[in-house]
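Inspection log for the structure reproduced underneath, given as structure tokens.
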Amino acid sequence: MRLIFLGPPGAGKGTQAQRLAERYSLVKISTGDILREAVSRKTPLGLQAKSFMDKGGLVPDDVMIGLIRERLKNLDSDSGYVLDGFPRTLPQAQALSKILEDQKAPIDRVISFEVPKRDLVRRLTGRRSCNLCKRVYHLDFNASKQANRCDMCDGVLVQREDDREETVRNRLKVYEKETAPLLKYYDKKKILSRIDGAGSIDAVFDRLQKVLNSNNLQ
Ligand code: AMP
């Protein structure tokens with residue numbers, strides 16, 4: 001199963017990708033996580049990406065395409081994966097199609113998580129993640145058992161720099177301009193499914209599984 005998760009920031013792509021990956025032993029490939037790791041290690045990639053990420057803008061396409069090409073090359077040929085956060089622009093989507101054509105391993109399904117804009121800001125500003133294992137929580141909707149501590153590894157829960165309200169608003173604008181056009185791109189290829197991303201994590205996960213089942217995936 002090779003999947004792309006699309007949707008605005010805060011739509012729940014990362015949370016659902018994490019769940020699905022655990023359930024079906026898929027590899028979750030999150031470009032945001034890869035970049036944040038690079039930023040915290042101060043690698044050349046991290047130094048290059050940081051200023052774009054801090055403003056809520058996009059890291060340039062050539063950097064991202066190179067990164068994903070390497071990541072996919074290093075996967076076992078038979079492992080399934082979920083792409084979370086890539087592609088985010090039309091040139092990225094076109095480059096991905098080409099890479100996968102060459103590998104003769106096309107994407108099976110693109111899932112778009114649809115959430116009303118007014119809910120996105122609340123979801124993003126309440127989001128916290130573990131500084132060690134990166135597991136994602138939410139102050140109201142998915143709180144950890146002990147305040148500010150990860151349930152899994154006892155790491156400290158922190159807020160992402162770019163989840164502050166001013167940056168969130170810019171990320172939503174960038175999504176509308178650069179990423180929303182991908183819905184048409186994948187719809188034309190007849191591999192797009194839209195899912196209502198509102199409601200609880202469990203409810204959305206049920207909808208996701210139904211869509212995968214109805215497309216003979218799993
Ligand atoms: P995310 O965790 O997916 O919200 O990504 C966090 C930030 O990383 C984004 O706001 C961008 O600055 C950068 N980023 C992640 N994926 C991409 C991508 N495919 N193209 C460009 N920038 C990206």
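Note that ligands are numbered from 1 as they come in the structure, with each ligand's atoms numbered from 1 the same way. If you're wondering where the values come from, they're calculated on a predicted model, not measured in any experiment.
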Salt-bridge test for [X] and [Y]: reply yes if a basic N is under 4.0 Å from a carboxylate O, no otherwise.
X      : Y      : value
Arg135 : Glu22  : yes
Arg128 : Asp163 : no
Lys134 : Asp33  : no
Lys73  : Glu70  : yes
Lys210 : Asp206 : no

Atoms of ligand 1 close to Thr31 [distance to a heavy atom under 4.0 angstrom, numbered from 1]: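 Selected atoms, number and element: 15 (C), 16 (N), 17 (C), 19 (N).
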For Gln92, atoms of ligand 1 separated by under 4.0 Å from a heavy atom: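 Near Gln92, meaning under 4.0 Å from one of its heavy atoms, ligand 1 has 18 (C), 19 (N), 20 (N), 21 (C).
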Identify the protein heavy atom lying closest to [atom], giving its residue, its atom name and the separation to 0.1 Å.
atom                    : value
atom 12 (O) of ligand 1 : Gly57 O, 2.5 Å
atom 22 (N) of ligand 1 : Val59 N, 3.1 Å
atom 7 (C) of ligand 1  : Met53 CE, 3.9 Å
atom 9 (C) of ligand 1  : Arg88 NH2, 3.9 Å

Looking only at heavy atoms, is any part of [X] under 4.0 Å from ligand 1, and if so is it the side chain, the backbone, or both, or is it neither?
X      : value
Arg160 : side chain
Lys13  : neither
Met64  : side chain
Leu35  : side chain

Heteroatom proximity flag, Gly85 to ligand 1, N/O under 3.5 Å: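 Min N/O separation from ligand 1 is below 3.5 Å for Gly85.
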Polar proximity ligand 1 side, Arg36 side, N/O cut 3.5 Å exclusive: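 N/O-N/O distance below 3.5 Å exists for this pair.
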Non-neighbouring partners of Ala105 that pass side-chain contact (heavy atoms from CB on, under 4.5 Å), sequence neighbours left out: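 With neighbours one apart ignored, the set is Arg2, Gln103.
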Modelled atom types, side-chain donor and acceptor of Tyr186 and Ser112, under 3.5 Å: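 Not at all, the side chains of Tyr186 and Ser112 share no donor-acceptor pair under 3.5 Å.
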Pair Ser193, Arg109: side-chain N/O donor-acceptor within cut-off below 3.5 Å: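 Ser193 vs Arg109: donor-acceptor pair found between side chains.
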